[in-house]
Amino acid sequence: QVRLVESGGGLAQAGGSLRLSCAASGRTLSSYGVGWFRRAPGKEREFVATISRTGDTFYSDSVKGRFTISRDNAKATVYLQMNSLKPEDTAVYYCAAVGATGIYASSRSYDYWGQGTQVTVSS
């Protein structure tokens, strides 16, 4: 079993940056693909970005060019660098892990989830 803990959320101004971290314990993170999802108030959870076990990445259109996902397997951590933040990026951000090869944008594909970290972007 993999335990995931997100950190790095907080308050940022529009145009600013934040870096989220997803730290894993329990199993080696290199065996898992990791995705970031978010849920804004009153909205469905949506896909943000994912990185496969081999380092392939995929982004939603809404964050492409602004967010960057990366991983450091030695530190068992996946990062989400968020630049050029917009008020519509305000949400609770969750990381999730999938124990399979490939790129997965559907939340149903993921086996383990963190508790989430709040990101608030003011205009």
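Residues: numbered from 1 along the sequence shown.
Using modelled atom types, one side-chain atom of D111 and one backbone atom of G99 make a donor-acceptor pair closer than 3.5 Å. Counting only distance, with no hydrogens or angles, the side chain of Y59 and the backbone of I69 share a donor-acceptor pair below 3.5 Å. The backbone N or O of T90 lies less than 3.5 Å from no partner atom in the side chain of Y93, so there is not a single donor-acceptor pair.
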Should R53 and V98 be marked as a side chain to side chain contact (heavy atoms under 4.5 Å, CB included) after you check the CA-CA gap, both sets of side-chain angles, and the distance that decides it? CA-CA 9 Å; R53 297 195 296 195; V98 54; over 6 Å; no
Side chain to side chain contact (heavy atoms under 4.5 Å, CB included) between R3 and Y112, worked out: CA-CA 7 Å; R3 290 177 292 276; Y112 305 102; over 6 Å; no
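Side chains of T77 and D72: a donor-acceptor N/O pair is absent below 3.5 angstrom, by distance only.
Put simply, Y104 and W36 are part of two different groups of oily side chains (I, L, V, M, F, W, Y) that touch within less than 4.5 Å, one to the next. Residue L20 is grouped with residue L29 when hydrophobic side chains (ILVMFWY) are merged at heavy-atom distances under 4.5 angstrom, including chains of intermediate members. If you chain together hydrophobic residues whose side chains sit under 4.5 Å apart, Y32 and V78 never meet in one group.
Separation of atoms CG (L18) and CZ (F67) is listed at 9.0 Å; rounding is to 0.5 Å. We find the OG-CZ distance between S107 and R39 to be 8.5 Å, quoted to the nearest 0.5 Å. A distance of 11.5 Å separates CZ in R19 from OG in S17, rounded to the nearest 0.5 Å.
Residues passing the side chain to side chain contact (heavy atoms under 4.5 Å, CB included) test with Q13, sequence neighbours excluded: S122. Partners of N73 under the side-chain hydrogen bond (donor to acceptor under 3.5 Å, both in side chains) rule, at least two apart in sequence or in another chain, are R71. Residues satisfying the side-chain hydrogen bond (donor to acceptor under 3.5 Å, both in side chains) test with T68, not counting sequence neighbours, are none. The side-chain hydrogen bond (donor to acceptor under 3.5 Å, both in side chains) test applied to S7 returns no partner, not counting sequence neighbours. With sequence neighbours excluded, the residues satisfying side chain to side chain contact (heavy atoms under 4.5 Å, CB included) with T54 are S52, D56. Looking at residues two or more places apart in sequence or on another chain, you find a side chain to side chain contact (heavy atoms under 4.5 Å, CB included) between T28 and S30, S31. Shown here are the side chain to side chain contact (heavy atoms under 4.5 Å, CB included) partners of A40, two or more places apart in sequence or in another chain: K43, A91. F37 is linked by a ring-ring contact (aromatic ring centres under 6.0 Å, His included) to F47, Y110, W113, counting only residues two or more places apart in sequence or in another chain.
Considering all non-hydrogen atoms of both residues, A24 and V2 come closest at CB-CG1, 4.1 Å. Contact between V119 and G9 at its shortest, heavy atoms only, is CG2-CA, 4.1 Å. The shortest non-hydrogen separation linking A49 to L80 is CB-CD1, 4.2 Å. Shown here for F58 and I103, the closest heavy-atom pair between the two residues is CB-CG2, 3.6 Å.
In this structure, Y79 stands alone, with no Ile, Leu, Val, Met, Phe, Trp or Tyr side-chain heavy atom under 4.5 Å from its own, directly or through other members. By the 4.5 Å side-chain criterion applied to Ile, Leu, Val, Met, Phe, Trp and Tyr, L11 is assigned to no cluster and stands alone.
Using a 4.5 Å heavy-atom threshold, the side chains of Y94 and E6 count as touching.
Among pairs with a residue in residues 88-102, those fulfilling salt bridge (charged side-chain N to carboxylate O under 4.0 Å, His left out) read R38-D89, R66-D89, at least two apart in sequence or across chains. Within the structure, every pair that satisfies the disulfide bond (SG atoms under 2.5 Å apart) test and touches residues 19-101, not counting sequence neighbours, is listed here: C22-C95.
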